[in-house]
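Working notes, beginning with the structure itself.
Sequence lines set the chain letters: A, B, ... in the order given, protein chains first and strands last, and positions in each chain run from 1.
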There are 2 protein chains.
Amino acid sequence: MAPERKTTIMDIARLTGLSKGTVDRVLHNRGEVSKKSREKVMEAVRELGYEPDLNASILARREVHTIALLVPSDEKGSFWELALSTLDKVRENLLPMRIRIRHFSYDQYSEESFRDACLGMLESRPSAVVIAPMFRAGTLTLVGVLQQRGIPYAFIDSKLEIDGYTAYYGMPLYKSGYLCADLLTGGKEISDVLIVRVHRDKERQSDPTVNRRAGFMDYMLQNCPACTIHSRFIDPADPDASLATLEAFFGEHPQVRHIVMFNSRVHLLLPYLRSHPDRERRVIGFDNLEANLQALRHGYITMLIGQHPDEQVGLAIQAMADLIVFGRQPVRRDNFMHMDILTKYNIEDY
Amino acid sequence: MAPERKTTIMDIARLTGLSKGTVDRVLHNRGEVSKKSREKVMEAVRELGYEPDLNASILARREVHTIALLVPSDEKGSFWELALSTLDKVRENLLPMRIRIRHFSYDQYSEESFRDACLGMLESRPSAVVIAPMFRAGTLTLVGVLQQRGIPYAFIDSKLEIDGYTAYYGMPLYKSGYLCADLLTGGKEISDVLIVRVHRDKERQSDPTVNRRAGFMDYMLQNCPACTIHSRFIDPADPDASLATLEAFFGEHPQVRHIVMFNSRVHLLLPYLRSHPDRERRVIGFDNLEANLQALRHGYITMLIGQHPDEQVGLAIQAMADLIVFGRQPVRRDNFMHMDILTKYNIEDY
DNA sequence: AAAATTTCCGTGAACGTGCACGGAATCCGA
DNA sequence: TCGGATTCCGTGCACGTTCACGGAAATTTT
């Protein structure tokens with residue numbers, strides 16, 4: 001109830017008999033200050049429980065920091081378009097903190113373009129970096145450089161099993177595959193399932209589908225050991241061939257009623273599903289792209305396992321901003337985010 | 001790329017030939033200022049695209065605003081404990097904005113305690129109020145007072161069909177009942193379902209279960225017209241009687257395999273479920289209380305429809321803070337938030 | 001021991017806004 | 001036309017930092 005002013009830099013200056021300039025120097029450990037003074041100040045800070053006033057701090061700050069964002073390019077209708085959909089808002093929120101976000105994108109199927117993006121990114125002299133890694137090797141060398149320069153970095157979407165990153169925000173990938181299997185089978189034993197894959201996914205070594213497939217397979221092994229698992233590749237660039245592939249498959253295996261894809265492009269199945277309606281069929285995919293949501297609404301897809309990639313981007317950037325401004329590490333390093341189960345009845349308010 | 005300073009209050013003072021004091025007066029329309037000056041300033045503001053610097057503004061502000069939060073009491077293990085679990089963090093975030101949150105709680109089954117809480121709340125002279133309404137009449141009179149005093153207010157959890165509130169954050173209640181029915185039946189026709197209700201819920205007239213039940217009933221009517229809908233009341237204060245009620249019911253109707261509750265206390269069924277295991281049974285409830293999550297993990301409950309009540313609280317408060325500080329209304333008034341479908345496989349990262 | 005360094009630290013001007021104080025201009029009635 | 005009321009508006013300090021500048025103190029050099 002008391003008015004209780006917060007303790008300011010001047011309070012601790014008075015207490016230590018030093019000046020605010022010196023206090024500032026030890027707070028940001030810049031410039032020269034004697035050991036004795038430094039300790040007196042730190043002691044006083046602890047005692048008075050000093051916390052800097054963010055508003056005053058930002059107001060007075062000269063330099064603006066930049067956070068670099070390194071993600072696959074956000075083509076229309078893609079997962080990454082979804083992930084970056086709220087970037088402008090994040091940017092706006094951080095601007096008053098004198099923090100600028102620079103966005104560098106690369107072709108998620110070209111390791112060379114990733115290297116190029118890395119170089120351009122490094123040239124912007126960022127204070128921190130947020131990375132969505134698709135290529136193992138390239139990411140490792142990038143991380144090496146960052147570590148050497150003392151630039152903190154965070155992962156989103158998927159991560160490498162290394163140490164040194166500040167934070168990770170993303171789905172628990174293995175478990176998402178496990179859950180997917182449970183939803184697809186409805187907890188019952190089934191006889192056949194078709195996994196549809198995209199050719200080009202094979203070229204990446206660090207993307208989400210790897211772990212998802214592993215989780216799926218383990219579930220089937222444990223709960224549905226007798227099930228035959230079929231697998232086919234389709235080509236997103238060639239819808240006709242893809243359709244033909246599926247028709248050939250189902251011509252041979254008409255008994256297969258369960259279909260699953262582990263990336264965000266289950267909507268690629270639409271041409272086939274539409275021309276061969278079947279009320280008994282169950283189809284599950286990932287991510288709430290608009291095309292997927294449409295298919296869900298119309299009943300072509302049974303369920304989607306969704307995430308909020310825009311939140312992951314936002315949280316990762318926010319974490320780095322906190323690190324820069326407050327200098328404090330995030331509470332948790334690995335932030336596994338909730339998987340949403342979407343049906344036609346709960347997508348509207350997503 | 002240019003350094004491009006933001007336009008300040010001084011810029012528009014210079015442009016208009018007035019002083020920053022006058023500019024300040026029209027910006028906050030306080031004090032006396034001639035019509036001519038006011039217009040010149042507004043014109044200049046538009047022309048230069050002036051936006052106040054939030055940091056400087058907060059730094060310079062004298063008075064601290066208070067936002068009052070009026071919700072049912074957060075007893076241990078209750079829904080409202082969950083809802084308020086992140087209140088301290090919200091509070092902390094708003095403190096640098098010179099905004100204080102005061103929390104007033106009432107017994108959700110006593111209209112009198114609600115009135116008392118209202119009085120105490122009004123005495124705190126809040127700049128804005130966030131309300132979780134349980135009683136129709138009491139809330140209406142409160143709203144009347146607020147309106148008269150010009151204090152803006154927002155609803156969370158459920159709302160009254162009136163005009164005048166600034167924002168609403170909550171589940172789409174009717175739809176949540178509809179979804180619940182779809183998940184319970186799995187899209188198939190079923191023969192019987194048991195709705196378990198809590199006696200005391202009848203005494204409130206503005207709580208979420210009303211609309212949920214309506215959505216559920218409509219789904220059943222449309223998709224499962226032959227289904228018999230049973231209904232029983234239990235008493236949370238008397239577990240033994242509740243157990244007896246359920247045992248009596250299932251003694252008479254052993255064929256019933258589907259059970260649903262529309263409030264957050266599906267965990268009350270646990271004693272019965274545990275002593276009468278049945279792998280074919282499906283049980284669905286609402287809200288991710290720890291007790292419910294436990295039951296889900298152990299397989300006693302099949303699915304939960306969850307929400308993030310803490311987010312609703314946070315967002316509502318944030319919206320009011322924005323209104324106070326920036327003076328701008330929220331983009332959307334009714335914010336229907338996503339319903340989460342929880343199974344034992346996706347609860348961990350919730 | 002004075003000069004030249006080096007180390008340490010105090011001063012004061014920003015940053016952009018809020019607000020109290022009181023001065024100047026205008027108006028009004030007698 | 002004059003005094004007082006009213007309306008309008010300018011000035012300047014405060015908010016709590018950051019940071020450059022340069023002075024004082026300590027240390028080393030000659």
Within the structure, does a side-chain N or O atom of B:Arg30 lie under 4.0 Å from either OP1 or OP2 of C:dC19?
-> yes

Could you grab the distance from atom CG of A:Leu15 to atom CE of A:Met10, nearest 0.5 Å is fine?
-> 12.5 Å

Rounded to whole Å, how long is the line connecting atom [atom1] of [X] with atom [atom2] of [N]?
X       : N      : atom1 : atom2 : value
B:Asp24 : C:dA20 : CG    : P     : 10 Å
A:Met10 : C:dG12 : CE    : P     : 12 Å
A:Glu32 : D:dA20 : CD    : P     : 14 Å
A:Arg14 : D:dG16 : CZ    : P     : 10 Å
B:Asp53 : D:dC15 : CG    : P     : 18 Å

Minimal non-hydrogen separation, B:Gly138 against B:Phe114, with atom names = C-CE2, 3.5 Å

For A:Tyr165, which residues count as a ring-ring contact (aromatic ring centres under 6.0 Å, His included) partner, sequence neighbours excluded?
-> A:Phe155

Inter-end axis angle, the helix from C:dA1-D:dT30 to C:dA30-D:dT1, with every axis fitted to five base pairs (rounded, 10 degrees) | 50°

Donor-acceptor pair present, A:Lys20 side chain and C:dT11 base, under 3.5 Å = no

D:dG10 base / B:Arg25 side chain donor-acceptor hit below 3.5 Å = yes

Under the salt bridge (charged side-chain N to carboxylate O under 4.0 Å, His left out) rule, what pairs show up with a residue in residues 146-160 of chain A, not counting sequence neighbours?
-> A:Lys159-A:Asp334

Nearest to the side chain of [X], which nucleotide is it out of [options]?
X       : options                : answer
A:Ser37 : D:dC9, C:dC9, D:dT17   : C:dC9
A:Leu59 : D:dC19, D:dG16, D:dT11 : D:dG16
B:Ala60 : C:dG16, D:dT17, C:dT11 : C:dG16

Residue closer to the 5' end of DNA chain C, A:Arg38 versus B:Leu54 (nearest nucleotide) | A:Arg38

Just wondering, do B:Asn335 and B:Leu315 contact through their side chains at under 4.5 Å, heavy atoms?
-> no

Any side-chain heavy atom of B:Met134 sitting closer than 4.5 Å to one from B:Thr139?
-> no

When all nucleic acid strands are considered with a 4.0 Å heavy-atom cut-off, which category describes A:Ile58: base, sugar-phosphate, or nothing?
-> nothing

